[in-house]
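The next block holds one structure in the form of structure tokens; read it before the comments.
Both counts, for ligands and for their atoms, begin at 1 and track the order of listing.
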Amino acid sequence: MSLWGGRFSEPTDGDLQALNDSIGFDIRFYREDIEGSMAYAKAIAKAGVITSDESEKIIAGLKQVLDEFESDTFELKEGDEDIHTAVERRLTEIVGDVGGKLHTGRSRNDQVATDFRLWAMRQTDVLDEILLTLQETLIDVSEDHTETLLPGYTHMQPAQPITVAHWLMSFFWMLNRDRDRLQSARGRIAVLPLGSGALAGNPFPIDRDLLVNELDFILYSQNSLDSVSDRDFVADLLYVMSLCATHLSRLAEDIIIYSNPLFAYITLNDRYSTGSSLMPQKRNADPMELMRGKAGRLIGNLTGFLATLKGLPSGYNKDLQEDKEALFDSFDMMFKLLPVVIAIVKTLNINPEKMEQALGEELLATDIADYLVRKGLPFRQAHHVVGEVVRTASTSGIKMSEIPLEKFTEISDLFDEDVYEVFNFAQSVQQRSVDGGTAPSAVKRQIELAKSMLNN
Ligand code: ARG
């Protein structure tokens, strides 16, 4: 029997029931639903709506319902439309009519909003913990590669040499901002809707501070009409996860490219690459392609849910039931992807020789311009002069470092014997030692700062 059958003379159509029911997915937050009800039983007892005896009975009954869920012995019954209905139905079977007093002043509208926030806060904390592990892993691998050089790219064209640690640490900072956003979203989730009733508020003098404390929220909401339909926190989390997945998708793309045999900068560990059923030579970066692919799905969850919200009139509307599968799916994807991403970073076989072979002298063109700048030439002119050097080398089919000194001085009389010292990749990198740069000294400071941030 449903919770609301009184005014109907015919039972609900089966097809509608299948469409309407959310028990298939909201069963995931049975714990939060039961904890919310336990707190509410205390609040209505304090308000004098039920006696403390009745409250204790209800709480003991709820405890038994929780045990049944935890031991996998809870039996769903016909009419258990959602988790709230199922728990109340079972509670009443256990404690009798007094169970029917629990819902006084409460609506499933403030109840579901409360449960889902509680669940979301907990998942947010789990996600944060895993992102932290990924940050620590990036630091660990970076520490071994503060001197390892590889070509840095802009427009995917060779640009300037950088260190492997600098490359990997760039993702540390993206994740740091993601975690920052997650924390800030968490603060907005921790605003308690319970006590808002269906839309207009609770007619009994319940102590909402008590509810906040019982359920580990930070504040309670200030407008019941807003709070029963506020799903900003769902959109917030879907966004934070989409952006985080977008960052990880970029890491994935780098790894896909760098593990391609044309680059071979890295080799994926056997455990984290897949073969082809047809082509025996293949070692595919499937996990990284899945990371890239799932990012699209996460973005879809965000845009889909925003579309759900945009036309809603004030108050609760059943459309809001769509919040759950979107958020469940995004969390599930993140929890599936992240352990694999962490393992891939941890087991990355970095091939310094391949990276070194890929360092062409063109990556030092800026350094030659800087050399001329140090001799007094304005940068814009130096840029032009080095353009001529590059052209001279390429038309004669030689490397820039093979251009004879007479040729160099023909192009600019600022060139001297010491120009040949510029053709040194390690030195090029060492020079970029200002904070934030790729020099090993700067990257070591970057890593120290990152570590101290994680320790705080
Ligand atoms: N299953 C519903 C949801 O997820 C619970 C709230 C139902 N409220 C209502 N007025 N029908 O949103």
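Between the Asn109 side chain and the Tyr316 main chain, no donor and acceptor come within less than 3.5 Å of each other. In terms of modelled atom types and a separation under 3.5 Å, the side chain of Asp286 and the main chain of Thr274 share no donor-acceptor contact.
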Dump the intermediate steps for salt bridge (Lys or Arg N to Asp or Glu O under 4.0 Å) on Arg186 and Asp236, then the final yes or no. CA-CA 9 Å; Arg186 197 192 187 286; Asp236 270 347; over 6 Å; no
Please walk me through it: do Ser107 and Asp110 pass side-chain contact (heavy atoms from CB on, under 4.5 Å)? CA-CA 6 Å; Ser107 155; Asp110 58 346; 3.8 Å; yes
Derivation and outcome, salt bridge (Lys or Arg N to Asp or Glu O under 4.0 Å), residues Glu32 and Arg122: CA-CA 10 Å; Glu32 287 75 15; Arg122 291 171 178 173; 3.0 Å; yes
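Protein heavy atom at the shortest distance from atom 7 (C) of ligand 1 is Tyr316 OH, 3.6 Å. The nearest protein atom to atom 11 (N) of ligand 1, hydrogens excluded, is given as Arg108 NH2, 3.7 Å; this is a heavy-atom distance. Counting only heavy atoms of the protein, atom 10 (N) of ligand 1 lies nearest to Asn109 OD1, 3.0 Å. Closest to atom 2 (C) of ligand 1 among all protein heavy atoms lies Gln321 OE1, 3.2 Å.
Atoms of ligand 1 lying under 4.0 Å from any heavy atom of Ser22, numbered from 1 in the order shown and given with element: 1 (N). Heavy-atom proximity to Asp82, at under 4.0 Å, picks out these atoms of ligand 1: 1 (N), 2 (C), 5 (C).
Ring-centre distance between Trp119 and Tyr30: not below the 6.0 Å cut-off.
Residue contacts with ligand 1 include Lys324, since one of its heavy atoms falls under 4.0 Å from the ligand.
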